[in-house]
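Heavy-atom basis, side chains included; hydrogens, waters and symmetry copies ignored. Computed from a predicted structure; not experimentally measured.
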Amino acid sequence: MASESDADERVFGSSVERREDVGLLTGEATFTDDELQDAAHVAILRSQYAHATIEGVETSAAEERDGVLAVYTGRDVEDSGIPNDIPTAWMLPGLVTPQYRIMATDRVRHTGDALAAVVAEDRYTAYDALEEIDVSYDRLEAVTRPDEAVDADVTVHEEAPDNVAFDFELGDADAVDDAFEAADHVTSVDLEQPRIIPNAVEPRAAAAAYDTSSDDLTIWMTSQNPHLHRVLLSTATLGHPEHKLRIVAPEVGGGFGSKIYHYPDEAITAWCAKQLGGAVEWQATRTEGYVTDCHGRDHVTEAELALDSDGTIRGLRVETHAGLGAHLSQFATATPSYLYATILSSEYAIPAIHCRVIGAFTNTTPVDAYRGAGRAEGIYVTERIVDVAARELDLDPVDVRRTNLIPPEEFPYETAVALVYDSGEYEEAMDRALELIDYEDVRERQAKLREEGRYLGVGVANFVESAGLSPSKAAGELGATAGGWEAGVVRFHPSGTVSVACGTADQGQGHRTTLAQVAAAELGVPVEDVEVVEGDTDEVPQGMGTYGSRSAPVGGGAVAQSGRKVVEKGRSIAAHKLEASEEDVEFDDGTFHVAGAPDRSISIQELAYAAYLGHDIPDEMEPGLEATSYYDPENFTFPFGTHAAVVEVDPDTGEVEFHRYVAVDDCGEQINPMIVEGQVHGGIAQGIGAALFEAANYDDNGTLVSGSMNEYALPRAERLPEYETDSTVTPSPHNPIGVKGVGESATIGATPAVVNAVVDALEPFGVDHLDMPLTNETVWAAIDSGGEP
Ligand code: PCD
């Protein structure tokens, strides 16, 4: 913490209660579906087939139904002359970018593609009318797996005959070849990371109101990034002037990545409002969400690790087929390329790494970032293969990790895959986790229990996360059409209370509490006197939004920077009023005073009033006490940590039972330790979900067979362990408040820790790897085919 105020000791770093919870817990909070209660309702007809050409869409029966205001098809949208594209936000060399229309015209490419929209007086009529639309499909073969897509006869888009959207490489292939030549041992693993479905509590929704006289279009929507949605809707999709477009994200009930993206549905809703010259709303059903919310992961990977017999890693080679689904979602290209390949070094000093990623179109729901996005997939590969290698070399997996950890004195550390890690005390966090889980004891217990026919497993995983993508210039050079900065406004009201506006957009993380803490600490005012506004393009000047665990490091950085500008302006006014030179004015706990003369002082609230009146401020100065910053960090922040799990596998049923779960996370300075812990809890649950339960499965026709919560296994409370959490604090040296992100960390750490634990338990059965999810069935089958221990 660089602030000189004492107040930050009370405010910054303390577990201030989440002020958003009263509204959320009492049901008073307003979500998108609560807006525009009297609006007409939009229902969207979706393709029931994964791949087909459309011979015709017959809408007249639906149109004639009572209460139906209009029925539109993809042709109507196309004929309206709008740009009609959902663009990608990250270009890669050679990327194929087929037009992504908001409604299909002559071909559907996945179950769930939008084909027509009904607008009706109420929701039920709209859904009933959908059933009266008659679509003539001419069905085509479908392809669903990314590794199969590149050799398939099926072509998802004519522009990409082999279904390859991009073929990306990072790292030095020659150096890796040399490293493999020189090493004593090479470990190879084939891994799959299945698709998972985000499952936010609140399904996506949009409400739109169009004023024909002013041309103002307002869209309330479940958005993680309203400003990004505004620019894309304005320019690429609707062709509506940006200054006449207001996007509001009211309360948003979880996102986990799925509400970052610019989807067709919200655009269709807005387009319908314009067509009808009024107000309409759309709310996805859960089933609709399953086939339209971007899925996560979907990697088929071959990985090889070269090591010396003492466990020293010399090189890592990774080749992945990454499924992109039927259309390029906004960040679908960035997630499996830069966010993935750059993190493969994990916490280790790996001298040579090469990664190739083939991004493939398939006839499935588009894939994009899901909690941990890219980093989760990358860390999984490294942390899994380290375990496999350790067993092959007959070394303890913890020892192999320790041998290769980047030591604290090596920071800033440049990896073989283009990142410069800012700071890290990796061994300290790992040792803390091992101590908590009694690693040596557990190993002894494991050996004893095996003699009794009980199978305990211990899994340890280290991780690094790149949080808060930046700086903007580097992102731009790599192909991004989003910036790495964030905008933060700090504004004193004349009475001395404060409004903060930030371009981030909360979905449950608690920003209204934590950003208030950041501002209060900088300004030395009570945290209750600070109000935080997010999620409205009319109230926040600009923004990039909330994803990639950026709101604390980048949003918090922007708010802190504005707070400091306000203090500096305050110092000038104070010097003027106290008749002292600026250098002699000190700021402490919300009060300016002359150095050595504490009674010659003025509070920042009094100054705010003076600045507002403008009567008695320095000559050249403008009235008002507020500041806006566009904080553009010089680098990502790199949170890290170690997760460890102890499980027992029942050899008769394959069931995995947790004995212990320990997480040691380091996210630098913590603004609010209680919120940080909550983030870790949620992250572990989702990480365990991926490891043991969750997978979106398609049949050969491209139908999503895990299409509802009946078939898709979300982790239930009784299958989750007690979490034992702890943290170390290694501040980010380049962030103004020393924070690193934490929102995705635990998801990244949990998945490999749990898979490592289960595979460790299965060692006596000769199982050296299993693909997720490690359901009872998968585990039992592996035991069954592995033979007697
Ligand atoms: N913090 C503190 N301290 C520190 C850090 C942090 O305090 N050091 C805190 C803050 O302030 C906030 C939280 O914590 O409140 C978080 O943060 P961050 O890390 O920054 O993050 P953000 O940006 O805010 O957020 C984001 C994330 C993500 S990314 C995800 S997936 C998830 C997470 O977040 N999601 C969610 N978490 C959560 N939670 C909730 N509740 N919900 C949701 O939805 Mo992506 O990219 O989108 O895939």
Side-chain angles (χ1 to χ4, degrees), residues 32-33 35-48 54-86 100-108 112-137 203-222 233-234 237-240 244-247 262-285 288 292:
T32 298
D33 196 47
E35 306 282 354
L36 304 185
Q37 293 279 345
D38 299 326
H41 197 88
V42 178
I44 297 172
L45 181 70
R46 305 196 175 275
S47 171
Q48 53 189 118
I54 302 302
E55 307 293 322
V57 183
E58 181 45 54
T59 58
S60 44
E63 274 158 27
E64 278 155 24
R65 203 182 173 93
D66 268 359
V68 169
L69 303 174
V71 181
Y72 300 111
T73 66
R75 282 273 154 237
D76 296 322
V77 174
E78 193 79 352
D79 293 346
S80 73
I82 63 166
N84 197 13
D85 190 28
I86 302 281
Y100 180 5
R101 293 182 178 83
I102 62 174
M103 278 200 258
T105 48
D106 35 45
R107 181 136 156 224
V108 285
D113 252 340
L115 274 164
V118 172
V119 190
E121 280 163 3
D122 65 87
R123 195 168 288 195
Y124 306 99
T125 307
Y127 280 101
D128 287 345
L130 280 191
E131 289 175 19
E132 291 175 50
I133 301 175
D134 189 20
V135 182
S136 328
Y137 296 94
R204 280 188 298 121
Y210 181 61
D211 183 331
T212 47
S213 60
S214 64
D215 199 29
D216 285 330
L217 176 61
T218 305
I219 309 171
W220 293 262
M221 60 188 277
T222 48
L233 280 161
S234 163
T237 313
L238 298 176
H240 193 85
K244 297 262 172 211
L245 192 53
R246 175 183 179 195
I247 310 287
H262 176 29
Y263 290 94
D265 318 298
E266 291 81 348
I268 292 170
T269 306
W271 182 85
C272 288
K274 276 187 84 171
Q275 292 297 301
L276 292 168
V280 304
E281 68 132 353
W282 165 80
Q283 165 77 63
T285 63
E288 211 174 357
T292 60

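Listed by first and then second residue, the salt bridge (Lys or Arg N to Asp or Glu O under 4.0 Å) pairs involving residues 270-280 amount to none (not counting sequence neighbours).
A side-chain donor from one of D215 and Y210 sits under 3.5 Å from a side-chain acceptor of the other. No side-chain N or O of D128 forms a donor-acceptor pair with one of T125 less than 3.5 Å apart.
In this structure the side chain of I86 reaches within 4.5 angstrom of the side chain of I102, judged on heavy atoms. Looking at D76 and W271, their side chains come closer than 4.5 Å, going by heavy atoms from C-beta outward. Using a 4.5 Å heavy-atom cutoff, the side chains of I133 and E131 are not in contact. Side-chain contact check for I54 versus V108: some heavy-atom pair is nearer than 4.5 Å. Side-chain contact between E78 and M103: absent, with no pair of heavy atoms (C-beta onward) separated by less than 4.5 Å. A heavy-atom distance below 4.5 Å is found between the side chains of D33 and E281. Residues Y124 and H41 fail the side-chain proximity criterion, which asks for heavy atoms closer than 4.5 Å. Using a 4.5 Å heavy-atom cutoff, the side chains of E288 and P203 are not in contact.
Separation of atoms OG (S60) and CD (E132) is listed at 10.0 Å; rounding is to 0.5 Å. In this structure, SG on C272 lies 12.0 Å from CH2 on W282, to the nearest 0.5 angstrom. Considering CD1 of I268 and CD of Q275, their distance stands at 12.0 Å, rounded to 0.5 Å. Rounded to the nearest 0.5 angstrom, I247 CD1 and E266 CD are separated by 10.0 Å. Once rounded to the nearest 0.5 Å, the distance linking CD1 of I219 with CG of L245 reads 5.0 Å. The distance from atom CG of L233 to atom NE2 of H240, rounded to the nearest 0.5 Å, is 10.5 Å.
Shortest non-hydrogen contact noted between S47 and Y137 is CA-OH, 3.5 Å. Contact between H262 and D85 at its shortest, heavy atoms only, is NE2-O, 4.4 Å. Residues A267 and T237 share a closest heavy-atom pair of CB-CG2, 3.7 Å. When all heavy atoms of A43 and L130 are compared, the pair lying nearest together is O-CD2, 3.7 Å. Across L36 and A207, no two heavy atoms sit closer than the pair CD1-CB, 3.6 Å. When all heavy atoms of V119 and A40 are compared, the pair lying nearest together is CG1-CB, 3.7 Å.
With sequence neighbours excluded, the residues that form a side-chain hydrogen bond (donor to acceptor under 3.5 Å, both in side chains) with T292 are R204. Residues passing the side-chain contact (heavy atoms from CB on, under 4.5 Å) test with D106 are R75, sequence neighbours excluded. For the side-chain contact (heavy atoms from CB on, under 4.5 Å) test, residues two or more places apart in sequence or in another chain that qualify with A129 are A62, R65, V68, V118. Taking Q37 as the reference, D34 meet the side-chain contact (heavy atoms from CB on, under 4.5 Å) condition, with sequence neighbours excluded. Residues passing the side-chain hydrogen bond (donor to acceptor under 3.5 Å, both in side chains) test with Y72: none are found, sequence neighbours excluded.
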Quiz item: When you look at R46 and D265, which way does the side chain to side chain contact (heavy atoms under 4.5 Å, CB included) test go after all the steps?
Solution: CA-CA 11 Å; R46 305 196 175 275; D265 318 298; 2.8 Å; yes
Self-check item: Test log, rule salt bridge (charged side-chain N to carboxylate O under 4.0 Å, His left out), inputs D113 and R101
Solution: CA-CA 10 Å; D113 252 340; R101 293 182 178 83; over 6 Å; no
Self-check item: Residue pair Y127, D122: steps toward the side chain to side chain contact (heavy atoms under 4.5 Å, CB included) verdict
Solution: CA-CA 9 Å; Y127 280 101; D122 65 87; over 6 Å; no
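Looking only at distances, no side-chain donor or acceptor of K244 sits under 3.5 Å from a matching main-chain atom of L217.
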